[in-house]
Amino acid sequence: MEASGKFICRQRQVVLFFVLLGLSQAGMEPRRYSVVEETEGSSFVTNLAKDLGLGQRELSKRGARVISKGNKLHLKLDQETGDLLLNEKLDREELCGHTDPCVLRFQVLLENPLQFFQAELQVIDINDHSPVFVDRDMLLKISESSPPGTTFPLKNAQDVDVGRNNIETYIISPNSYFRVLTRKSSDGSRYPELVLDKALDREQEPELRLTLTAQDGGSPPRSGIAQINIEVVDINDNAPEFEQSLYRVKIPEDSPIGFLIVTVSATDADIGVNGEISYSLFQASEEICKTFEINSMTGEIRLKKQLDFERIQFYEVNIEARDSGSFSGKCTVLTQVLDVNDNAPEITMSAFTRHIPENSPEAMVAVLSVSDLDSEENGKINCTIQDDLPFLLKSSLENFYTLVTERPLDRESQAEYNITITVTDLGTPRLKTQHNITVTVSDVNDNAPAFSQTTYTLRVRENNSPALHIVALASVSSLFLFSVLVFVAVRLCRRSRAASAGRCSGPEGHFPGHLVDVSGAGTLSQSYQYEGHSPGPEIEENANFRNDFGFSIQ
Ligand SMILES: *[C@@H]1O[C@H](CO)[C@@H](O)[C@H](O)[C@H]1NC(C)=O
Ligand SMILES: *[C@@H]1O[C@H](CO)[C@@H](O)[C@H](O)[C@H]1NC(C)=O
Ligand SMILES: *[C@@H]1O[C@H](CO)[C@@H](O)[C@H](O)[C@H]1NC(C)=O
């Protein structure tokens, strides 16, 4: 406390001294000297003796001294020569900072008699400092939507030199988008301002690196640099675009539900949210909505509902890709449905005659049509019947056939035919359909009764009476009668056996054929033939004659 009190007291004395000094010198112009900063110490400033008009010895005689405000004395006086010299190297920036001009005031005191002279030493600036950017890396985010002419103030550089040696201009590295202006702020310092000359396009150039140079007006000039990194900020200015505007796909009609038909893909030049794409069916009909579905994220188009070539063979599906804004792109997927042999051929019978009279030269049995819903080979049909039958399939119109007899049929050799109509398509695998019909051959009276023996030999003794003929004939008749009786007995015995399960000693099964033939081939049968001429019923009865002996006796 005591020490600081003393110090303040001393200071006051000094101030008082200068006030007196000032008063004694009032009205006198100060003497002005100048020195360039950074001049070596002990350099000559002026010869005071000459300046003050004193003799060389007088200065020392009168006790001349140099006094300066403040603690530091930058000058010294050579008492002998009267030269005022620099005490040390002077740094203008240290002494005065940005104050311009930099003036150091001092007094020359002559003690005997007391006399003061006011003087000033101006320290002249040299260009010994370069401009420096505090921020050597600047990041600027500029929207690609900024219109040309938009300005962006940048951080300035600093130069401790003053006047011309301070920053004079800013320069930007050559580029096609920006130029830089040098602006003067209210405090007189200069700062750079970036001006956009041409619209930016993030999709073309997402970022720019520029070099900003600050240059002072010294001679030679000095400069400092900073990097400017410009990040072009995206706006949603691009529509999604499909890799292909047209996709062609072919898929078999039996493809399963969920089958991946195709994956469409679009890209958007914008980034982030602006580039996010969602896919959808565009202007889709109900049929298309039912048949196809698209994954809005991946663009995968899958089968939703089942294809049917026989119903629809071709689909034109429009797809839209939309970004988060209002931009969208379109593409088309042409889907061709391929036929699969999934339909068997069909047979439709238009007409059918079940009973064909025998001996007809060419009788029509059936009229039929065949069809197959499939296309191409899958729908072509081959229509056949067994080839060992006396029937022919004749193709009339396309897919129409008539089934006719190949030659006159003979009921007596085959009375019934089973015909299998087979229709086969030519697809892979081959599908076939069969239709079975049974045709019966109806009888026509085309057979005359025939003797089982062409000759009968009868031995007759000579000289016999005519009655013997009758005896002979009667013996034949007796034989016949006996046969009939045996037959009837066998039948009766069978019937009673069926009733009582008793045994029968007669022949089993049908009556022996030769017995029937022999007996049936008599004159009775022959006379029957000649009696009637209507063919139908007589044939029927003939048949009965063979089967039922009793009837033929009548
Ligand atoms: C139709 O079927 C017949 C008999 O099976 C055969 O000979 C013929 O080659 C077939 N036609 C075609 C075109 O396959
Ligand atoms: C025809 O088919 C029927 C029934 O399948 C059969 O009873 C009959 O014997 C067959 N006829 C011929 C001549 O094959
Ligand atoms: C038609 O007849 C054939 C030969 O007898 C037989 O294999 C087939 O199963 C029959 N088809 C139909 C539909 O009855």
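Remember, it's 1-based here, ligands and their atoms both numbered in the order they're listed.
- Among all non-hydrogen protein atoms, the one lying nearest atom 7 (O) of ligand 3 is Q434 OE1, 4.8 Å.
- In this pair, Y315 and F292 present their aromatic rings perpendicular. The plane angle is above 60°, beyond the 30 to 60° band.
- A salt bridge links K330 with E320; the closest basic N to acidic carboxylate O contact falls under 4.0 Å.
- Looking only at heavy atoms of the protein, atom 12 (C) of ligand 2 is closest to N418 ND2, 3.4 Å.
- Atoms of ligand 3 found under 4.0 Å from any heavy atom of T420, numbered from 1 in the order shown, are 1 (C), 2 (O), 3 (C).
- Atom 3 (C) of ligand 1 has its closest protein heavy atom at N382 ND2, 3.5 Å.
- Under the 3.5 Å distance criterion, with hydrogens and angles disregarded, a donor-acceptor pair is assigned to the side chains of T332 and N318.
- Here is the list of ligand 2 atoms found below 4.0 Å of a heavy atom in Q414: 13 (C).
- Geometrically, K394 does not engage Y401 in a cation-pi contact, judged by NZ or CZ lying under 6.0 Å from the ring centre and within 45° of the ring axis.
- In terms of protein heavy-atom proximity, atom 13 (C) of ligand 2 is closest to E416 O, 3.5 Å.
- Note: I347 CD1 to S369 OG = 9.5 Å, rounded to the nearest 0.5 Å.
- By the 3.5 Å distance cut-off applied to N or O atoms, N436 is counted among the residues near ligand 3.
- Put simply, the side chain of I437 reaches to within 4.5 Å of the side chain of L403, judged on heavy atoms.
- Closer than 4.0 Å to atom 5 (O) of ligand 3 lies none of the heavy atoms of the protein.
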Checking E207 against K141 for the salt bridge (charged side-chain N to carboxylate O under 4.0 Å, His left out) test, could you report, in this order, the C-alpha distance in whole Å, the side-chain angles of both residues, the deciding distance, and whether it holds? CA-CA 9 Å; E207 54 179 35; K141 294 187 177 187; over 6 Å; no
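- Counting protein heavy atoms under 4.0 angstrom from atom 9 (O) of ligand 1 gives zero.
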